[in-house]
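Have a look at the structure below, then the notes.
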Amino acid sequence: MKTTIAEVGKHVNESVTIGVWLHNKRSSGKIAFLQLRDGTGFIQGVIVKSVVGEELFEQAKHLNQETSLYVTGEVVEDKRSPLGYELQVSGFEIIQEAHDYPITPKEHGTEFLMDHRHLWLRSKKQHAIMKVRNEIIRATYEFFNDEGFVKIDPPILTGASAEGTTELFHTKYFDEDAYLSQSGQLYLEAAAMALGKVFSFGPTFRAEKSKTRRHLIEFWMIEPEMAFMDHDDSLVIQENYVQHLVQSVLKNCDMELDVLERDKEQLKKIKAPFPRITYDEAIEFLKKEGFDDIDWGDDFGAPHETAIAEAHDQPVFITHFPTEIKAFYMQPDPNNEKVALCADLIAPEGYGEIIGGSERIYDYELMKKRYEEHGLEGPAYEWYLQLREYGSVPHSGFGLGLERTVAWISGTEHIRETIPFPRLLNRLYP
RNA sequence: UCCAGCGUAGCUCAGUGGUAGAGCAGUUGGCUGUUAACCAAUUGGUCGCAGGUUCGAAUCCUGCCGCUGGAGCCA
């Protein structure tokens, strides 16, 4: 009977056939151990000379790493196995023999592994990270569907930038100039006026020459946008969403977190509501901690974010940033025009900012004034201003960076391992 | 773009002026419970590239290329 490694628990003491790749092997004179994987998991096949005969045993001893084969054998429970089961091999059929697989079961450097990313994905740790990523994606759809959001897909080819600050990838759109989307937000605001609560989930592109463990050139973002919701309403959605992601991974990726040696106790502590501190309080805190390289009006650098995160064992909202260091569309605080109704969510353990969000300006005159101040006039913005002309309402939204969130929850040091094929500065291959 | 470090066997690295090395992988043999198995033998080199100093350069100097980490910017 054909099955998968994930399903062997249902076939104890039965003979099954599984399509697998040989991950590693160890052999002695009369017994060999085959480390097998099939995409759903890893299992050890035990092959004994006296059971399978000399010819098959000799063949098994000479199987190369990553050779593909159909293995047949009896599923047996075994306490020595991390999975709890082993396969007592009775026979196998080689599909294709592999030769000189580059990624040996020893240590390798980053450049070598990244050059072989198409093969590196087969390894245990990368497999586990991709499963955690998938769980976060699944839980995202679950959360927003349960909360009554409608998924909206904004365009990837756009005529202009959302924020006008960061570098955009330029391309041609027949005879016109076009840019790859760096955010779907403006389009989501339009959609929120049509459908109330919406979210997008898609790739975004930043042509920044960033070269750190927290940056990708192409990354995936979840961007909810909610009509009739103010800044505080939005923070509640954000913390419930992030809590749901952590809970879902703890519940459905226990084995993967073990493979990744993630400290699960840190994740179990994550409970909404999350602490909120204002930008003013954050500056004061940093001064007290001995940072003399930051003053009111400066944006935080990575060391500042880490210092604030380390003071808490929960994600932390930093709210009310100065208007001038934030995007043009953010609603000024009615109690203090110098700061905006916005928040960044900083992940614990030094993983950095995972969410940026704000209440949006909905007054037509103020939005028009901001456009002029930022020199953003042009036909591409006309439709965005019209949203403030025809039944404008208060609304808020935020963007969560998928890969940074995967890095934090899975405990992965560098963001490049949290996306199947990372696009980095100097890396477009494979 | 700036700052720092690195570049030697398929991989990970040692070698800092005098014959090019180790571990792993590969190959051959041994071993009935291995967990990156172990033991023995063995194959494997444009020392990133170009120029310079020197009797002699992997080693010292200059330039270039590539990579890694960080900064700025941001999710």
Side-chain angles (χ1 to χ4, degrees), chain A residues 23-35 42-51 57-58 61-62 64-66 76 78-83 86 88 98-116 120 123-125 162-163 165-168 182-185 202-223 238 293 298-306 325-327 344-347 351-357 398-408 413-416 418-419 424-427:
Chain A
H23 189 63
N24 195 10
K25 69 164 194 290
R26 284 173 282 277
S27 68
S28 58
K30 291 167 188 167
I31 187 167
F33 303 96
L34 309 178
Q35 310 304 323
F42 291 78
I43 194 169
Q44 174 162 274
V46 182
I47 185 159
V48 178
K49 193 178 185 176
S50 60
V51 174
F57 185 77
E58 280 305 307
K61 276 182 72 170
H62 290 92
N64 296 320
Q65 194 188 355
E66 290 304 313
V76 294
D78 196 305
K79 288 199 183 79
R80 287 169 292 195
S81 156
L83 181 72
E86 283 187 344
Q88 291 287 346
H99 294 284
D100 301 319
Y101 185 70
I103 304 177
T104 57
K106 294 286 167 184
E107 55 186 285
H108 300 281
T110 304
E111 187 188 2
F112 179 81
L113 289 169
M114 289 305 301
D115 281 342
H116 296 84
W120 188 21
S123 72
K124 223 168 190 166
K125 193 178 161 197
E163 308 187 12
T165 52
T166 47
E167 300 264 354
L168 299 173
Q182 61 155 2
S183 165
Q185 187 202 313
T204 58
F205 307 88
R206 306 267 167 104
E208 293 159 4
K209 304 225 167 177
S210 302
K211 198 169 165 4
T212 81
R213 75 184 66 165
R214 299 179 307 280
H215 287 86
L216 291 166
I217 302 299
E218 177 182 313
F219 67 97
W220 286 64
M221 195 153 62
I222 292 114
E223 293 183 282
Q238 290 175 44
D293 57 343
D298 296 334
D299 209 347
F300 300 125
H304 307 122
E305 281 182 2
T306 303
I325 58 168
K326 284 292 175 181
D344 286 354
L345 183 66
I346 312 296
Y351 283 93
E353 181 186 345
I354 54 171
I355 290 182
F398 62 94
L400 173 135
L402 175 67
E403 286 78 14
R404 284 190 184 175
T405 305
V406 175
W408 164 47
E413 179 75 8
H414 200 300
I415 197 169
R416 65 187 161 213
T418 63
I419 186 166
L424 299 160
L425 199 61
N426 304 330
R427 182 167 292 280

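Lettering of chains follows the sequences in order, A, B, ..., and the numbering in each one begins at 1.
- Nucleotide B/rU42 carries an anti base; the chi torsion (O4'-C1'-N9-C4 or O4'-C1'-N1-C2) is more than 90° from 0.
- Spacing between B/rG10 and B/rG26 at atom C1', rounded to whole Å, works out to 9 Å.
- A distance of 8.0 Å separates NE2 of A/His215 from CD1 of A/Ile415, quoted to the nearest 0.5 Å.
- In this structure, the NZ atom of A/Lys209 is 5 Å from the P atom of B/rU1, given to the nearest Å.
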Report each atom pair, protein N/O against N/O of nucleotides 10-13 of chain B, whose distance is under 3.5 angstrom.
from, atom 1, to, atom 2, distance (Å)
B/rC11, O2', A/Glu107, O, 3.0
B/rC11, O2', A/His108, ND1, 2.6
B/rU12, OP1, A/Gly109, N, 2.8
B/rU12, O2', A/Glu107, OE1, 3.3

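- A donor N or O paired with an acceptor N or O is found under 3.5 Å between the base of B/rU34 and the side-chain atoms of A/Gln44.
- Using C1' as the reference atom, B/rC55 and B/rG15 are 23 Å apart when rounded to the nearest Å.
- One interatomic measurement links the two molecules: CZ of A/Phe398 to C1' of B/rA75, which rounds to 13 Å at whole-angstrom precision.
- Atom P of B/rU27 sits at a distance of 25 Å from the matching atom of B/rG21, rounded to the whole Å.
- The nucleotide whose nearest atom lies closest to any side-chain atom of A/Arg80 is, among B/rG33, B/rC74, B/rC31, B/rG33.
- Comparing the C1' positions of B/rA25 and B/rC61 gives a spacing of 38 Å, expressed to the nearest Å.
- Within 4.0 Å of A/Ser27, counting heavy atoms only, lies at least one base atom of the nucleic acid.
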## Note on the structure
Scoring nucleotides 40-45 of chain B by protein non-hydrogen atoms under 4.0 Å (B base, S sugar-phosphate only, - none) yields ------

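- The side chain of A/Arg416 contributes no N or O atom lying less than 4.0 Å from OP1 or OP2 of B/rC67.
- In the set B/rU32, B/rC73, B/rA75, the nucleotide with an atom closest to the side chain of A/Arg206 is B/rA75.
- OP1 or OP2 of B/rU27 has at least one side-chain nitrogen or oxygen of A/Asn64 nearer than 4.0 Å.
- For A/Asp299 and B/rG72, the CG to P distance is 10 Å, given to the nearest whole Å.
- Rounded to a whole Å, the CZ atom of A/Phe300 is 16 Å from the C1' atom of B/rG72.
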Can I get a per-line list of side-chain donor-acceptor pairs under 3.5 Å for residues 28-35 of chain A, giving both atom names and the distance, sequence neighbours left out?
from, atom 1, to, atom 2, distance (Å)
A/Ser28, OG, A/Ile31, O, 3.2
A/Gln35, NE2, A/Gln44, OE1, 2.7

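- Annotation: A/Lys61, atom NZ; neighbour count of heavy atoms from other residues, nucleotides and ligands within 6.0 Å is above 12.
- For the pair A/Arg427 and A/Glu403, both in contact range of RNA chain B, the more 5′-proximal nearest nucleotide belongs to A/Arg427.
- For A/Lys211, whose side chain is taken as the heavy atoms from C-beta onward, the closest listed nucleotide among B/rG33, B/rA75, B/rU68 is B/rU68.
- In this structure, A/Gly301 reaches the sugar-phosphate backbone alone: every heavy-atom distance under 4.0 Å involves primed, P, OP1 or OP2 atoms, never a base.
- Across all strands shown, the partner of B/rA50 is B/rU62, judged by Watson-Crick or G-U wobble contacts whose two distances both fall under 3.5 Å.
- Under the Watson-Crick or G-U wobble criterion, with both distances below 3.5 Å, B/rC2 is paired with B/rG70.
- When the nucleotides B/rC31, B/rG72, B/rG33 are ranked by their closest atom to the side chain of A/Phe33, B/rG33 comes out on top.
- Qualifying ring pair (Phe, Tyr, Trp, His ring centres under 6.0 Å) partners for A/His414, counting only residues two or more places apart in sequence or in other chains: none.
- One P atom belongs to B/rG23, the other to B/rG44, and the distance between them is 16 Å to the nearest Å.
- Nearest-nucleotide positions on RNA chain B for A/Leu400 and A/Ala302 put A/Ala302 closer to the 5' end.
- Distance check on atom P: B/rA41 versus B/rA22 gives 12 Å, rounded to whole Å.
- For the pair A/Gln238 CD and B/rA75 P, the computed distance is 12 Å after rounding to whole Å.
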### Query
Do A/Leu168 and A/Phe205 pass the side chain to side chain contact (heavy atoms under 4.5 Å, CB included) test, and can you show the C-alpha distance, the side-chain angles, and the key distance before you say yes or no?
CA-CA 7 Å; A/Leu168 299 173; A/Phe205 307 88; over 6 Å; no

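- Per the geometry, CD1 belonging to A/Ile47 stands 15 Å off P belonging to B/rU32, to the nearest Å.
- Separating the C1' atom of B/rA57 from that of B/rU68 is a span of 27 Å, rounded to the nearest Å.
- Sequence neighbours left out, the pairs with a member in residues 212-223 of chain A that pass salt bridge (charged side-chain N to carboxylate O under 4.0 Å, His left out) are A/Arg213-A/Glu413.
- Minimum atom distance to the side chain of A/His414 is reached by B/rG69, of the listed B/rG69, B/rA36, B/rC74.
- Across all strands shown, B/rU32 remains unpaired; no Watson-Crick or G-U wobble contact has both distances below 3.5 Å.
- Closest contact between the side chain of A/Val48 and the listed nucleotides B/rC73, B/rU32, B/rA75 involves B/rU32.
- Comparing the C1' positions of B/rC2 and B/rC60 gives a spacing of 28 Å, expressed to the nearest Å.
- Put simply, A/Asn426 has a side-chain N or O that comes within less than 4.0 Å of OP1 or OP2 on B/rC67.
- Nearest to the side-chain atoms of A/Lys61 among the listed nucleotides B/rC31, B/rA75, B/rA71 stands B/rC31.
- When the side chain to side chain contact (heavy atoms under 4.5 Å, CB included) test is applied to A/Gln65, the partners found at least two apart in sequence or on another chain are A/Tyr101, A/Pro105.
- Look at A/Arg213 and you'll find a side-chain N or O under 4.0 angstrom from OP1 or OP2 of B/rG70.
- Considering only heavy atoms from C-beta on, A/Met114 comes within 4.5 Å of A/Leu424 through its side chain.
- When the C1' atom of B/rC73 is taken as reference, atom CG of A/Leu216 falls 14 Å away, rounded to whole Å.
- The ring pair (Phe, Tyr, Trp, His ring centres under 6.0 Å) check on A/Trp220 picks up A/Phe201, with sequence neighbours excluded.
- Base pairing annotation: B/rA75 forms no Watson-Crick or G-U wobble pair, as no partner gives both donor-acceptor distances under 3.5 Å.
- A/Phe205 has its CZ atom 14 Å from the C1' atom of B/rA75, to the nearest Å.
- Pair assignment for B/rC13 gives B/rG21, based on Watson-Crick or G-U wobble hydrogen-bonding distances that are each under 3.5 Å.
- In this view, A/His108 and A/Thr104 satisfy the side chain to side chain donor-acceptor pair (under 3.5 Å) rule, not counting sequence neighbours.
- Put simply, the side chain of A/Val51 does not reach to within 4.5 Å of the side chain of A/Phe57, judged on heavy atoms.
- Distance from the side chain of A/His62 is smallest to B/rU28 among B/rG33, B/rC74, B/rU28.
- Across every strand in view, B/rG45 sits unpaired, with no contact that passes the Watson-Crick or G-U test at under 3.5 angstrom.
- Note on A/Glu86: a base of the nucleic acid sits closer than 4.0 angstrom, heavy atoms only.
- Qualifying salt bridge (Lys or Arg N to Asp or Glu O under 4.0 Å) partners for A/Asp115, counting only residues two or more places apart in sequence or in other chains: A/Arg427.
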